[in-house]
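So the structure is just underneath, and the comments pick up after that.
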There are 2 protein chains.
Amino acid sequence: MSAQTGDSISTLGPCGSCGQCLHCEARSRSICSVIDAEHMARLAQYSHRLAVAAGRTFIQEGETASDFFIVTSGHVKLFALMPDGRRQITGFAQTGDFLGLASGATYAFSAEALGALSLCRFSRSGLTLLRREFPELENRLMEEASRELVQAQKRMLLLGRKTARERLASFLLEQHHLLPAREITLRLPMSRTGIADYLGLTIETVSRTLNALQREKLITITQVTQIVLLNLPALENLARGG
Amino acid sequence: MSAQTGDSISTLGPCGSCGQCLHCEARSRSICSVIDAEHMARLAQYSHRLAVAAGRTFIQEGETASDFFIVTSGHVKLFALMPDGRRQITGFAQTGDFLGLASGATYAFSAEALGALSLCRFSRSGLTLLRREFPELENRLMEEASRELVQAQKRMLLLGRKTARERLASFLLEQHHLLPAREITLRLPMSRTGIADYLGLTIETVSRTLNALQREKLITITQVTQIVLLNLPALENLARGG
DNA sequence: GTGTTGCCTTGATCCATGTCAAACCTGCTT
DNA sequence: AAGCAGGTTTGACATGGATCAAGGCAACAC
């Protein structure tokens, strides 16, 4: 019930008191979609809205995994670090995505807000209670886990076996598929460093490869973070290693 | 009930008729461990034992994901392929491991028996019924999915950011941790090709790097598939990129 | 014994990508 | 407008692993 000010993350307040879950922008895309409107109050009782400042790391790899999150707006970067600073981004999350499945007793990854971000937080025990009360959640959580695992297999193939060109093509198409209307103009939510750490490359290679793709008329780089896909079939062929 | 002879995989017979689940070698290590002995008959009703010949690919990436499996004995190689033959092994499975979580409508990976293998098969619908009947299964399946996801994050870091030496050190330690008694003598269940495809390297690099580690007295290669870890702390340090 | 077959190792060379360094933007501050 | 500061591009060069090619070794067949 307490508003927990002084927390390192600012708490906007418990949903329970204001019925936020019912009007949640992320509801239809998140695991909460399996729960009827009439039960929203129960759901709200176990969840809290948070605002996270851009750039803040709100999950630290290795810390006790006591909370789970749903992204309600904004973008999140999930990553693992090596002691010398090498970074591997394991995924990006956006509105509706569930965070925390890849955890045992501790988180297996860190998570950082890419821009202004709002989250919905569930405690481990709260989620356990909700799962008991709404068994439909189980299926939805398993689906979420399956989706993530499928995604992980693809990333392993990309990181282990694809060339820089193939990685970039795969990446651009992935971003394309995330777009609701499948626009061919992409607005990338991350910098070159982000792309490099996602694809297991350096920023220089990312830059050079994107320019090479532009020279070959597969894409146009209109702005640094805006790219138009000119030749989808060719990109798809490249992405699969053809 | 039918024995389904003529199947491409030989069926040893339904568990339901012989109470195999009760005496299953894999029970204590698998998701089945959450079900009481008194309910084994129900479990057996929805599962079938299979024997798979060495080398056989019994799950094909892209095929309809109609079944789930538990490994009851032997080792399995899980992998993804590119059209030109590049292969990335995404994991190995052994006794007790659950196969099939990384699937939507179709399997996201292929699976091959590394040696003689026996499996327990569940149909998708059978598993759905079992989950309904034994809700404890849900927790266990989520645990299994979490474990796999944690593992996947580690592999992405390895494939995206580690050097050949670091990959081999990580691999040897992973094999070491899989051993029940943490012996320092490893018997690898796969060939150099298997190691290479697992680590995103070529067989030549695997061979050279293992020999380099031997020259540096971190390991001894007693036989091609048998390796003794001489200096665990140094290997651990190497694996984490120190 | 002598092929034969299927790994595995070793050596020589190549090249895709990393590293290092400088120049170039773009937006922001004063 | 001049000066930063942070990110991006570009160039020159280095190198870790890949590739190509031989040779070694063990298991098995005849």
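Chain letters run A, B, ... following the sequence lines, proteins first and then strands; every chain starts at 1.
- A donor and an acceptor atom never sit less than 3.5 Å apart when one is taken from the side chain of Q223(B) and the other from the base of dC8(C).
- With sequence neighbours left out, R147(A) forms a side-chain hydrogen bond (donor to acceptor under 3.5 Å, both in side chains) with E144(A).
- Residues from residues 234-242 of chain A that place a heavy atom under 4.0 Å from any atom of DNA chain C: there are none.
- Look at CG on L210(B): it is 11 Å from P on dT10(C), rounded to the nearest Å.
- The number of heavy atoms from other shown groups lying within 6.0 Å of CZ (R86(A)) is above 12.
- Within the helix from dG1(C)-dC30(D) to dT30(C)-dA1(D), the inter-axis angle between the opening and closing five-pair segments is 20°, rounded to 10°.
- The CD-C1' distance, from E204(A) to dA22(C), rounds to 12 Å in whole Å.
- By the side-chain hydrogen bond (donor to acceptor under 3.5 Å, both in side chains) test, E25(A) is found to be paired with R49(A), residues two or more places apart in sequence or in another chain being considered.
- Annotation: side chain to side chain contact (heavy atoms under 4.5 Å, CB included) contacts of L218(B) (sequence neighbours excluded): L213(B), E216(B), N231(B), A234(B), L235(B), L238(B).
- If you measure from atom CD1 of I203(A) to atom P of dA23(C), you get 17 Å, rounded to the nearest angstrom.
- For F69(A) and F98(A), the distance between ring centers is not under 6.0 angstrom.
- Legend: residues meeting side-chain hydrogen bond (donor to acceptor under 3.5 Å, both in side chains) with Q153(B), ordered by chain and number and at least two apart, are T90(A).
- The salt bridge (charged side-chain N to carboxylate O under 4.0 Å, His left out) search around R87(B) returns D197(B), not counting sequence neighbours.
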Report task. Show your working on side chain to side chain donor-acceptor pair (under 3.5 Å) between T95(B) and S73(B) and close with a plain yes or no. Result -> CA-CA 5 Å; T95(B) 305; S73(B) 78; 5.9 Å; no
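- Between F92(A) and G194(A), the closest heavy-atom pair is CZ-O, 4.4 Å.
- The footprint of chain A on DNA chain D, defined by a heavy-atom cutoff below 4.0 Å, extends from dT8(D) to dA12(D).
- For F122(A), there are no ring pair (Phe, Tyr, Trp, His ring centres under 6.0 Å) partners, not counting sequence neighbours.
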Requested in this report: Mark up nucleotides 13-18 of chain C, 5' to 3', with B wherever a protein heavy atom is under 4.0 angstrom from a base atom, S wherever such an atom reaches only the sugar-phosphate, and - elsewhere.
Outcome: ----SS
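- A side-chain hydrogen bond (donor to acceptor under 3.5 Å, both in side chains) with S170(B) is found for exactly one of K162(B), R240(B), E236(B), Q175(B), namely K162(B).
- For the side chain to side chain contact (heavy atoms under 4.5 Å, CB included) test, residues two or more places apart in sequence or in another chain that qualify with R208(A) are E204(A).
- Every pair passing ring-ring contact (aromatic ring centres under 6.0 Å, His included) that includes a residue from residues 168-195 of chain B is listed here, sequence neighbours excluded: F171(B)-Y198(B).
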